[in-house]
Amino acid sequence: MPSLTSRADQRAGGPPAATGGVPPVVLCVRQRDSAEILRVLAALQAPVRECADGADAVALARRAPLACAIVPLAMPDMAASALIGALHAAAPGLAVFVVVDNPAVSEAVDVMRSGAHAVIDSRILSAGLMVHVAPLLRGR
Amino acid sequence: MKNHPPTVYIVDDDEAVRASLRFLIRSVGLPAQAHASAAEFLAGYDRRDPGCLLLDVRMPGMSGLELQQELNRRGATIPVVFITGHGDVPMAVEAMQQGAFDFLQKPFRDQDLLDRVQRALARDAESRARLAAQAEIRARLATLTPRETEVMQLITRGKANKVVGAELGVSQRTVEIHRAHVMEKMHAGSLAELVRMVLDTAEPTQNP
């Protein structure tokens, strides 16, 4: 399944319709493990939009219906905790999954407290996506 | 709602841990109540009692996570601080997903625990105050007549008295009288305050 960048959408002129009939997409902020994430999401037949950074992700959340978001702990322009707040302001209740490399318990708790739906350990990324993201996509 | 001071409940199957936590909590002047099992805690717990819960994750019988689920099922809003010596990330994530207030891994500094307890008690006080305020508003809503309720729903959507009268098939003067009764019964000083009350008692919407 092709992954499109939201900035490309902006360049194309105008947001996609956020009305009925448009399937919600999975927002994925570009990260080290993007290839594996996209592979799993393709296997789950989930439409994906890949964003370059946090600001790009927030812009997309404001104009497109989203199934969920998969973001790294740190992005070039903001931390996951800040992005979660911004995404929730744009799309209240949106499930945001944060991919963390070998997280400590305290780190995972901090991320959860900032409003994440779940923390996914990048060392077991595919399994984590299947456990946390797949059930949510099945309920679309 | 009961007015006695908040209690810090401790549920841990290890007697030494229970004793040391109870001592620590009481050392800062807070009432503490320790239980050796989830079942023992549930047998004596009244969800109207203010406080917070320090909960061991792994216990024989009902685990800490199972106790948290049971409390959720019963509609208890008590903040839960998990304490564990064997914490792993999936366990912490599950606890937080179920609404845990915090998840603390042993060993920890006494002050870290006390800080979390104070924050949990503050959260409990806030949520109880909010629930009490909502209950008060619901009680006022229950005093409205069916017609007053209709008028209230329309005026809080921003409709003018004249429009409300046309929609309900009554005169503008009648709407004004109902409106005055609504404002009085709801103890609302302004339309904005009335709208806020209605919103406060509305169910939150979730996405997705």
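Order of the sequence lines fixes the chain letters, A, B, ..., with proteins taken first and strands second; residue numbering starts at 1 for each chain.
- Applying a 4.5 Å heavy-atom cutoff, none of the residues of residues 9-40 of chain B approach chain A.
- Neither the backbone nor the side chain of A:Ala116 comes within contact range of chain B, judged by heavy atoms closer than 4.5 Å.
- Residues A:Ala108 and B:Val89 approach most closely at CB-CG1, 3.9 Å, considering heavy atoms.
- More than 12 heavy atoms of other residues, nucleotides or ligands lie within 6.0 Å of NZ in B:Lys106, so this atom counts as buried by the packing criterion.
- Taking 4.5 Å as the heavy-atom cut-off, the residues of residues 90-102 of chain B that approach chain A are B:Ala92, B:Val93, B:Met96, B:Gln97, B:Phe101, B:Asp102, ordered by number.
- The parts of A:His117 that come within reach of chain B are both its backbone and its side chain, each placing non-hydrogen atoms under 4.5 angstrom from that chain.
- Around atom CZ of A:Arg62, no more than 12 heavy atoms belonging to other residues, nucleotides or ligands sit under 6.0 Å away.
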